[in-house]
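Throughout, numbering of the chain's residues begins at 1 and tracks the sequence. Small disclaimer: the values here were computed from a predicted structure and weren't measured.
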Amino acid sequence: MAVEYRLSMANPKLKSVTKTPQGTNVIARSKPAAAVRTAYSLPEREEIFRRFSVQRPEPRGELEHTNPFTLVVAVALSAQATDVGVNKATRALFKVADTPEKMLDLGEDRLRDYIRTIGLYRNKAKNVIALSQILVDQFGSKVPETRDELVRLPGVGRKTANVVLSMAFGQATMAVDTHIFRIANRIRLAPGKTPDEVEDRLMKVIPKHYLYHAHHWLILHGRYTCKARRPECERCVIADLCKSPEKSWDVPAPLVELPPQVIGEAVE
């Protein structure tokens, strides 16, 4: 049975000494920090992400974009859609509308024509036009660099904001999509009931020096190896470390660097 490791204060510091009415000294201890559950020790977590770093030294997101604005649009369009499908639609779109001003000039009706192959395209077209207007009116046509400002944009939630902060501005964030949510729970790295809960736990259990790329490593691991329907454990570089009850293989795949990613042609 796997050992559950908890990140918490092992020895809470003494907070204060008080006296009861009877004159008895009472030691009041500070409350321990909230425990964060993970099935892996720190050395195991270090080794997991070390292997991911060897396998993919420079992982990248698979949504095509040319600047922070087109990234915001692409990520907003990718909700309940595949990266491949979004890329097919945005290749032509971004040739004519790669700034908020150009998107507004294009207009909602013509925008719908470009993205009609994407699910929920009507509502997404409204959001893209609305966020473009806000960027022009409130942010000088520039994409803001804080999460609080990004989530004010129509169609931009916490996950989208985290992707933009990471890919456009180099911030270490954890955008919990379906792949990361599944992986965190399946392998018991940072189990949680909601994406926000998983995000918070992953930020605490992933070694800090691996945190910047961890978001992409986990997504790509979930997309190409630890797949939803049947995890391909025989192709997994952490098969010997994995504590998933679904695991079907104990021997890790050879730890070699994978070929460079070909953005836009990935198979979902």
Side-chain angles (χ1 to χ4, degrees), residues 1-15 29-59 158-159 162-163 165-166 170-228 230-258:
M1 181 176 181
V3 177
E4 290 286 344
Y5 291 89
R6 295 192 180 193
L7 309 182
S8 62
M9 294 172 58
N11 297 300
K13 295 181 179 179
L14 298 182
K15 185 176 182 181
R29 294 180 181 271
S30 57
K31 294 181 66 176
V36 178
R37 291 182 179 274
T38 180
Y40 302 84
S41 66
L42 179 57
E44 288 172 328
R45 285 177 271 136
E46 287 275 357
E47 180 61 12
I48 286 171
F49 288 96
R50 184 194 72 82
R51 294 185 194 180
F52 286 158
S53 73
V54 172
Q55 190 178 45
R56 296 183 188 272
E58 294 293 333
R158 186 178 181 88
K159 187 199 80 172
N162 282 339
V163 172
L165 291 175
S166 173
Q171 298 183 31
T173 60
M174 183 57 60
V176 179
D177 68 351
T178 56
H179 295 296
I180 291 184
F181 187 79
R182 181 180 73 253
I183 295 300
N185 280 284
R186 174 185 275 168
I187 74 173
R188 301 170 63 201
L189 177 63
K193 295 180 179 179
T194 67
D196 286 356
E197 191 173 51
V198 168
E199 177 190 337
D200 181 64
R201 291 178 177 180
L202 285 171
M203 294 293 288
K204 291 174 180 174
V205 304
I206 295 171
K208 298 300 181 186
H209 47 285
Y210 289 123
L211 194 53
Y212 177 65
H213 285 315
H215 151 244
H216 288 313
W217 283 326
L218 291 172
I219 287 176
L220 296 171
H221 185 65
R223 182 172 289 166
Y224 298 117
T225 303
C226 200
K227 298 178 180 180
R230 189 188 77 83
E232 298 182 6
C233 300
E234 67 279 5
R235 298 179 55 239
C236 178
V237 295
I238 63 167
D240 56 326
L241 297 170
C242 179
K243 293 179 170 62
S244 170
E246 299 178 50
K247 184 171 71 170
S248 61
W249 195 261
D250 288 319
V251 180
L255 186 58
V256 296
E257 184 174 341
L258 296 176

Notebook entry, point to check: Considering only heavy atoms from C-beta outward, does the side chain of H221 approach that of C236 to under 4.5 Å?
Noted result: yes

Check: Does the side chain of Y40 reach to within under 4.5 Å of the side chain of I187, using non-hydrogen atoms?
Finding: yes

Check: Taking R201 for the side chain and R37 for the main chain, is one N or O donor matched with an acceptor at less than 3.5 Å?
Finding: no

Item checked: Beyond-backbone contact of I183 with L189, side-chain heavy atoms, under 4.5 angstrom -> no

Check: Can you name the closest pair of heavy atoms from V205 and A190 and give their distance?
Finding: CG2-CB, 4.2 Å

Note to self: Taking the side chain as everything from C-beta on, heavy atoms only, tell me whether I206 gets closer than 4.5 Å to F49.
What the structure shows: yes

Next item on the list: Give, for atom CD1 of I48 and atom CD1 of I238, the distance between the pair rounded to the nearest 0.5 Å.
Entry: 4.5 Å

What side-chain donor-acceptor pairs closer than 3.5 Å can you find for residues 209-216, not counting sequence neighbours?
unit_1 : atom_1 : unit_2 : atom_2 : d
H209   : NE2    : E46    : OE1    : 2.9
H209   : NE2    : E46    : OE2    : 3.4
Y212   : OH     : S166   : O      : 3.4

Next item on the list: Measure from the side-chain N and O atoms of D200 to the backbone N and O of D196, and report whether any donor-acceptor pair falls under 3.5 Å.
Entry: no

Next item on the list: Keeping the roles fixed (side chain from R51, backbone from L255), state whether a donor-acceptor pair exists under 3.5 Å.
Entry: no

Next item on the list: State whether the side chain of K208 and the backbone N or O of M203 hold a donor-acceptor pair below 3.5 Å, judged by distance alone.
Entry: yes

Notebook entry, point to check: If you round to the nearest 0.5 Å, how far is NE2 of H179 from NZ of K227?
Noted result: 10.5 Å

Check: Counting only N and O atoms by type, is there a donor-acceptor contact under 3.5 Å from the side chain of D240 to the main-chain atoms of P252?
Finding: no

Checklist line | Interatomic distance, I219 atom CD1 to R182 atom CZ [nearest 0.5 angstrom] | finding: 11.0 Å

Notebook entry, point to check: Going from CG on D177 to CZ on R223, what distance comes out if it is rounded to the nearest 0.5 angstrom?
Noted result: 7.0 Å

Check: Got a second to check how far L202's CG is from T173's OG1, nearest 0.5 Å?
Finding: 11.5 Å

Notebook entry, point to check: Between K247 and A239, is there a donor-acceptor pair closer than 3.5 Å when you use the side chain of the first and the backbone of the second?
Noted result: yes

Notebook entry, point to check: Can you tell me how far the CG atom of L220 sits from the CZ atom of R56, to the nearest 0.5 Å?
Noted result: 4.5 Å

Item checked: Y224 backbone acceptor or donor facing R235 side chain under 3.5 Å -> yes

Next item on the list: Decide yes or no for R186 and P231: does some side-chain heavy atom of the first lie under 4.5 Å from some side-chain heavy atom of the second?
Entry: yes

Checklist line | Minimum side-chain heavy-atom gap N162-E199 below 4.5 Å | finding: yes

Next item on the list: Taking the side chain as every heavy atom from C-beta outward, state whether C242 and W249 have any atom pair closer than 4.5 Å.
Entry: no

